[in-house]
Amino acid sequence: MASLPKIYDPQEIEGKWHQFWQNNGFFHAEATSDKPPYAIVIPPPNITGSLHIGHALDNTLQDCLIRWKRMQGYNVLWMPGTDHAGIVTELIMERKLAEEGTSRNALGREKFIERMWQWKDESAGYIVSQLQKLGCSCDWERERFTLDEGLSEAVRTAFVKLYNEGLIYRDTYMVNWCPQCNTAVSNLEVEPIEIDGNFYHIRYPVIDSDVMLEIATTRPETMLGDTAVAVHPDDERYQHLIGKKVLLPLSNREIPIIADEYVDTEFGTGALKVTPAHDVNDYEIGLRHDLEQRTIFTQDGYINEKAPKKYVNLSRWDCRKKVVEDLENENFLVKIVPHRHAVGHHDRCNTVVEPAISLQWFMNVRPLAERAIEATKKGEVTFIPERETTRFFHWMENIEPWPISRQRWWGHRLPIWYCNACEAVTAAMDTPQQCECGATDFHQDEDVLDTWFSSGLWPFSTMGWPEETDELNTFYPTSVLVTGWDILFFWVARMIMLGLGCMDEVPFRKVYLHGLVADEKGQKMSKSKGNSIDPLETIADYGTDAFRFALANTSTPIPYVPLLESQIEAGKRFTNKIWNAARFILMNLEKFPVPAENAEMTEGQELLEIQWIQSRLSHTIKTATDAIENFRFYEMAQTLYAFLWHEFCDWYLEFAKQRLSKNEPEALWVAADVLEQMMRLLHPIIPFLTEEIWQQLPHGGNNPTANDNASVTVAPWPEPIGENPTAEATMTNIMEVIENIRSIRGELNVPIGASVEVHIQSPNTEDRKRLETYLEQYLPAFTRVSNITIAESLPKPSASAEAVIGDLAIYIPLAGVIDFEAEKARLTKRYDQTVKDVAAAQKTLENPNFIERAPEKVVAQKRELLERLLVEQEKLARSLTMLSS
RNA sequence: GGGCGGGUAGCUCAGGUGGCUAGAGCGACAGCCUUACAAGCUGUAGGUCACAGGUUCAAGUCCUGUCCCGCCUACCA
């Protein structure tokens with residue numbers, strides 16, 4: 001220990017502790033226990049490579065809660081795992097395959113899945129090691145994966161159950177289709193992006209008339225699939241045309257003019273081309289009027305043979321160009337008007353999605369959504385921040401059927417079998433033996449489930465459901481879910497619904513939705529934007545602890561939390577500060593070891609600085625605990641930071657030094673005790689360094705149980721022992737005096753080496769007594785003084801600087817050193833400020849209503865303030881007059 | 001179109017139920033290698049709390065309106 005380096009090197013320290021914790025089983029949760037349970041399931045990271053900044057924040061906050069509760073004596077479970085993540089992971093693999101010169105289709109389903117599992121093994125291992133590097137105290141023995149055997153059984157069980165309850169069904173309906181991924185996707189996976197497009201005004205000639213009906217569209221190519229033109233039934237402009245037909249340009253098909261209330265007479269030309277196969281609204285209109293659904297696109301977004309020959313095999317975009325060109329040539333195009341509008345893109349591959357009619361599996365989520373709303377209203381789940389509840393309700397109240405089948409390979413195959421003989425549909429855990437028709441041959445549905453289906457079961461599938469396990473009994477519903485607000489609908493809402501559907505109970509009691517990490521401009525950090533901070537690089541540069549501190553310290557409850565490099569630096573400086581405070585204490589403890597018995601320590605309890613620091617610590621414990629209890633991580637971090645740095649280091653350790661110079665070790669021993677408690681308080685945020693220091697500090701003292709604990713990880717969470725307002729008030733006075741003396745020295749440039757005399761005039765006997773007792777003890781620790789005089793009344797020495805604190809005056813004779821102009825300026829500034837403050841206080845007190853209606857306490861405080869200010873004002877005025885003469 | 005969040009020091013942000021003279025970190029300026037820490041210490045400067053009204057004895061905090069910024073949501077072709 002003798003040679004602790006001056007600069008804290010996180011790389012030296014952080015590496016060794018994870019293994020130590022792991023070997024001692026501190027993170028392991030008991031399936032049955034007398035302790036109260038506390039459980040969090042990790043939002044399983046996608047196996048798509050490395051951890052990003054969002055994971056770092058999310059998991060840091062979870063680890064803070066978990067470590068805190070563990071120290072509080074709970075039976076803590078943090079369930080870890082990863083998510084197969086369906087399409088995203090497939091896309092990554094497809095990119096790899098392309099680099100290798102092959103493709104998904106070339107490999108075939110079986111080989112492709114094999115490659116995916118290889119990838120999973122690498123990626124999941126890498127992610128776990130990164131989480132461990134971040135200090136995450138998950139119960140790693142329980143690690144799960146959404147596609148592993150147990151979870152797959154849970155998925156099949158849930159599916160079959162919901163199918164049997166009639167909530168899962170197959171239907172032909174209009175869905176969002178991704179021509180790139182060749183699959184249906186849900187509304188949530190479609191991201192509307194504003195683009196600059198055009199309004200194409202096109203003339204449709206009305207048959208048996210010389211009238212041209214003008215329509216406007218943003219997607220002219222879809223006119224190849226038009227099967228009607230619609231106008232509003234009350235639109236006088238078009239009344240006479242309803243029931244007639246138009247000749248569809250380019251296709252030369254006759255299509256009817258129909259009347260439908262959906263049409264907005266104000267918008268465009270008031271006439272709407274109807275393409276039931278390629279637009280959601282047109283689809284609805286088509287159903288109402290029994291129109292043909294003319295699909296003109298292939299699944300990958302090319303024109304099929306339902307369109308006129310010349311367009312077949314063109315891409316969507318080429319077709320649009322060609323159609324516009326032809327319309328212009330044939331004089332059907334009226335005009336092109338620029339028009340900005342939102343176009344849906346697949347959030348995974350960024351391709352423009354195509355509304356398409358398709359046979360898919362759906363889940364009717366409405367009944368479960370209603371239960372979820374009810375449960376939330378009853379307080380079975382609460383959202384933090386509260387505003388998220390509104391968003392949740394709004395989504396739930398307007399929820400639509402969830403298309404759950406994906407025409408992909410990587411995922412849970414639907415547990416649906418079709419009879420080869422009669423096509424009867426069976427939902428079952430395994431291949432059925434025999435169909436009702438007597439046949440015994442079946443084929444399983446080719447599709448896989450939306451990846452969110454399996455993650456929706458995560459809180460109970462990871463605990464062994466559908467078996468009735470001890471884990472479920474002990475930990476379900478879990479205590480809290482921590483995740484970003486951006487996946488409230490994708491994931492949180494579905495977990496609540498599926499939890500109610502499968503377990504008859506919500507999956508968690510609280511949902512803490514934190515902000516998304518952003519850069520200094522408030523832009524969300526993302527790899528694609530290139531504004532992202534890489535957690536691993538950051539950890540390498542600053543250390544995990546510093547990084548975690550910065551994350552906790554910036555995590556305010558706003559939607560986008562900016563994380564600045566400078567804040568991570570601040571974190572690093574803080575860890576260094578802690579390191580050095582510990583160094584100081586440990587070095588001195590070698591000279592003055594803490595006595596085995598506490599008896600000798602009681603003697604020191606009389607010391608004001610000890611009473612003060614213990615009171616402040618007590619206050620800090622209370623504030624920090626309250627903060628984390630309410631998910632105010634930033635407040636917890638800031639409270640601990642401010643106390644440790646600005647009270648403990650800046651003041652208390654200076655007091656302790658002073659005592660040590662007189663061979664009085666009590667204050668040091670208390671410093672060691674305070675630091676030990678601080679290590680416990682900081683441990684949830686700063687796990688590694690606090691363990692390192694805690695191991696070296698004596699932790700028997702006032703914490704008798706700690707001797708049995710081998711780690712701060714399982715040391716008890718500190719309890720406040722009570723505050724001492726008298727000691728705090730006295731100390732505040734002393735500090736004020738010291739600060740004023742420092743201020744004079746600083747502003748008048750008195751060299752640090754120069755000793756000064758301090759004359760203090762104080763009319764109050766009590767104050768004088770206190771100052772006499774403490775000032776001589778403390779002052780030398782903070783500034784160089786040659787002599788301190790304290791008296792009821794004192795003449796102001798000529799050529800002296802002055803400070804005023806209420807009725808107390810401090811004079812520092814500076815003959816030969818003082819710059820009278822500078823002193824005058826200094827006092828004038830203070831005087832001006834005091835005059836302002838006096839005026840404000842007077843104004844309030846002169847209002848009779850204030851005296852009458854404000855609480856007595858507030859009035860008394862104001863009076864006291866004014867009194868003090870008036871005294872200060874008078875003193876300053878007198879001194880200024882003297883200076884001027 | 002609806003809804004939500006934000007506008008406080010040069011920058012990034014705190015300021016639960018209205019009440020101490022509006023705070024922190026970073027940055028700026030000045031001075032210090034004071035025997036834990038120069039990744040440090042000390043001091044200083046810097047804010048009509050977006051704007052306009054209102055409620056109140058009292059408003060950064062509550063209400064109304066306005067202006068910006070951001071986000072979520074919606075089928076306007």
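Since the model is a prediction, treat every value here as computed from it, not as a measurement. Just so you know, these numbers use all the heavy atoms, side chains as well, and skip hydrogens, waters and symmetry mates. All chains are named by letter (A, B, ...) in the order of the sequence lines, taking the proteins before the strands, and each is independently numbered beginning at 1.
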Going by ring pair (Phe, Tyr, Trp, His ring centres under 6.0 Å), name the residues that satisfy it together with A:His514, two or more places apart in sequence or in a different chain. none
So, using side-chain hydrogen bond (donor to acceptor under 3.5 Å, both in side chains) as the criterion, who are the partners of A:Thr783 when residues are at least two apart? A:Arg745
Interface residues of residues 856-864 of chain A with RNA chain B (non-hydrogen, below 4.0 angstrom): A:Val858, A:Lys862
Is the closest basic N to carboxylate O distance between A:Asp626 and A:Arg632 below 4.0 Å? yes
Using a cut-off of 4.0 Å on non-hydrogen atoms, how would the nucleic acid contact of A:Tyr560 be classed: base, sugar-phosphate, or nothing? sugar-phosphate
Crowding at NZ, A:Lys521 (>12 non-hydrogen neighbours, <6.0 Å): no
Distance check: side-chain N/O of A:Arg387 vs OP1/OP2 of B:G3, anything under 4.0 Å? no
Just call it for A:His339: base, sugar-phosphate, or nothing, with non-hydrogen atoms closer than 4.0 Å on any strand. sugar-phosphate
Using a strict threshold of under 4.0 Å (side-chain N to carboxylate O), is an ion pair present between A:Asp807 and A:Arg868? no
If we count only N and O atoms by modelled type, under 3.5 Å, do the side chains of A:Thr275 and A:Asp226 hold a donor and an acceptor together? yes
Salt bridge present between A:Glu872 and A:Lys875 (N-O < 4.0 angstrom): no
Is there, by distance only and without an angle test, a donor paired with an acceptor across the side chain of A:Lys6 and the base of B:C37 below 3.5 Å? no
Identify whether any heavy atom of A:Trp579 sits under 4.0 Å from a base atom; if not, whether one sits that close to sugar-phosphate; answer base, sugar-phosphate or nothing. nothing
So, using ring pair (Phe, Tyr, Trp, His ring centres under 6.0 Å) as the criterion, who are the partners of A:Tyr262 when residues are at least two apart? none
Residues that A:Glu194 engages under side-chain hydrogen bond (donor to acceptor under 3.5 Å, both in side chains), provided they are two or more places apart: A:Arg340
Would you mind checking if A:Glu221 and A:Arg219 are paired as a salt bridge, meaning a charged N to carboxylate O distance below 4.0 Å? yes
Contact class for A:Leu272 (heavy atom, under 4.0 Å): base, sugar-phosphate, or nothing? base
Just to be sure I understand the rule, does A:Asp650 reach a base, reach only the sugar-phosphate, or reach nothing, if contact means heavy atoms closer than 4.0 Å? sugar-phosphate
Looking for any heavy atom pair under 4.0 Å, which part of the strands does A:Pro848 touch: base, sugar-phosphate only, or nothing? nothing
Quick one: ring pair (Phe, Tyr, Trp, His ring centres under 6.0 Å) partners of A:Tyr8, sequence neighbours excluded? A:Trp579
Scan A:Leu865 against the nucleic acid and name what it touches under 4.0 Å (heavy atoms): base, sugar-phosphate only, or nothing. base
Taking the minimum atom-to-atom distance to the side chain of A:Asp279, which one of B:G40, B:U73, B:A77 wins? B:A77
Sorted by number, the residues of residues 630-640 of chain A with heavy-atom contact under 4.0 Å to RNA chain B: A:Arg632, A:Tyr634
Name the nucleic acid region contacted by A:Arg391, choosing base, sugar-phosphate or nothing; use a 4.0 angstrom heavy-atom cut-off, strictly under. sugar-phosphate
Kindly write out the residues that satisfy ring pair (Phe, Tyr, Trp, His ring centres under 6.0 Å) with A:Phe631, not counting sequence neighbours, or none if the list is empty. A:Tyr512
Please determine whether a side-chain nitrogen of the Lys or Arg among A:Arg742 and A:Glu739 lies less than 4.0 Å from a carboxylate oxygen of the Asp or Glu. no
Choose from B:G5, B:U44, B:U21 the nucleotide whose nearest atom is closest to any side-chain atom of A:Pro559. B:G5
Which residues pass the side-chain contact (heavy atoms from CB on, under 4.5 Å) test with A:Ile487, not counting sequence neighbours? A:Trp452, A:Thr483, A:Phe490, A:Trp491
Heavy atoms only, 4.0 Å cut-off, all strands: where does A:Glu852 land among base, sugar-phosphate and nothing? nothing
Identify whether any heavy atom of A:His646 sits under 4.0 Å from a base atom; if not, whether one sits that close to sugar-phosphate; answer base, sugar-phosphate or nothing. sugar-phosphate
Given atom OH of A:Tyr641 and atom P of B:A24, what is their separation to the nearest angstrom? 11 Å
Between B:C76, B:A36, B:C71, spot the one nearest the side chain of A:Lys657, thanks. B:A36
Want to know the stems of RNA chain B: at least 3 consecutive Watson-Crick or G-U pairs with distances under 3.5 Å, which are they? B:1-7 with B:67-73, B:10-13 with B:23-26, B:28-32 with B:40-44, B:50-54 with B:62-66
Interface with RNA chain B, restricted to residues 258-265 of chain A and to heavy atoms under 4.0 Å: A:Tyr262, A:Val263, A:Asp264
Of the nucleotides B:A36, B:G5, B:C13, which has the atom closest to the A:Pro562 side chain? B:C13
Can you identify which nucleotide, out of B:A39, B:U12, B:C76, has its nearest atom closest to the A:Ile7 side chain? B:A39
Of all the nucleotides listed (B:G43, B:C71, B:C37), which has the minimum atom distance to the side chain of A:Glu739? B:G43
Suppose the criterion is side chain to side chain donor-acceptor pair (under 3.5 Å): which pairs have a residue in residues 560-575 of chain A, not counting sequence neighbours? A:Tyr542-A:Glu565
